[in-house]
Enquirer: 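I'd like to ask you about the structure that follows.
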Amino acid sequence: MVEITLHIDRATLALYQRVAETVCLPLEQVLSDALFKLAGELALESLGQQRTIPG
């Protein structure tokens, strides 16, 4: 696994810390899961756009 550094504002951090506490997971896991889900959604959106482009 690769370690990275993220710069996020305090409000975003507070939101994800609250989510992490609520679901009893480490903050890092919650952030990782959120980024993975977003990547999947963006990939599906991209595939959908490619299908609608003629040619």
Side-chain angles (χ1 to χ4, degrees):
M1 201 168 300
V2 177
E3 185 175 315
I4 64 167
T5 301
L6 294 175
H7 298 274
I8 57 176
D9 62 68
R10 293 183 195 283
T12 303
L13 177 61
L15 169 70
Y16 282 105
Q17 282 179 322
R18 180 71 185 256
V19 171
E21 291 170 4
T22 301
V23 297
C24 299
L25 290 173
L27 174 61
E28 295 83 359
Q29 184 64 51
V30 171
L31 290 170
S32 176
D33 292 349
L35 287 171
F36 187 78
K37 181 178 183 203
L38 176 60
E41 291 171 356
L42 292 173
L44 287 174
E45 182 179 321
S46 175
L47 288 172
Q49 289 176 356
Q50 288 177 1
R51 289 186 183 143
T52 60
I53 298 173

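In what follows, every heavy atom counts, from backbone to side chain, and hydrogens, waters and symmetry copies are set aside. Just so we're clear, the structure is a prediction, and the values are computed from it rather than from any experiment. Residue numbers start at 1 and run along the sequence shown.
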Enquirer: For the residue pair V30 and Y16, what are the closest heavy atoms and their distance?
Expert: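 Result for this residue pair: CG1-CD2, 3.7 Å.
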Enquirer: Are any non-hydrogen side-chain atoms of L15 and R18 less than 4.5 angstrom apart?
Expert: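 In short, these two side chains do not touch, never coming nearer than 4.5 Å.
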Enquirer: Would a single hydrophobic cluster contain both L27 and V23, if residues Ile, Leu, Val, Met, Phe, Trp and Tyr are joined by side-chain heavy-atom contacts under 4.5 Å?
Expert: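 Shared cluster, yes.
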Enquirer: Using residues 2-10 as the side-chain source, report each donor-acceptor pair under 3.5 Å to any protein atom, sequence neighbours left out, with the distance given to one decimal.
Expert:
from, atom 1, to, atom 2, distance (Å)
D9, OD1, A11, N, 3.1
D9, OD1, T12, N, 2.8
D9, OD1, T12, OG1, 3.0
D9, OD2, T12, OG1, 3.2

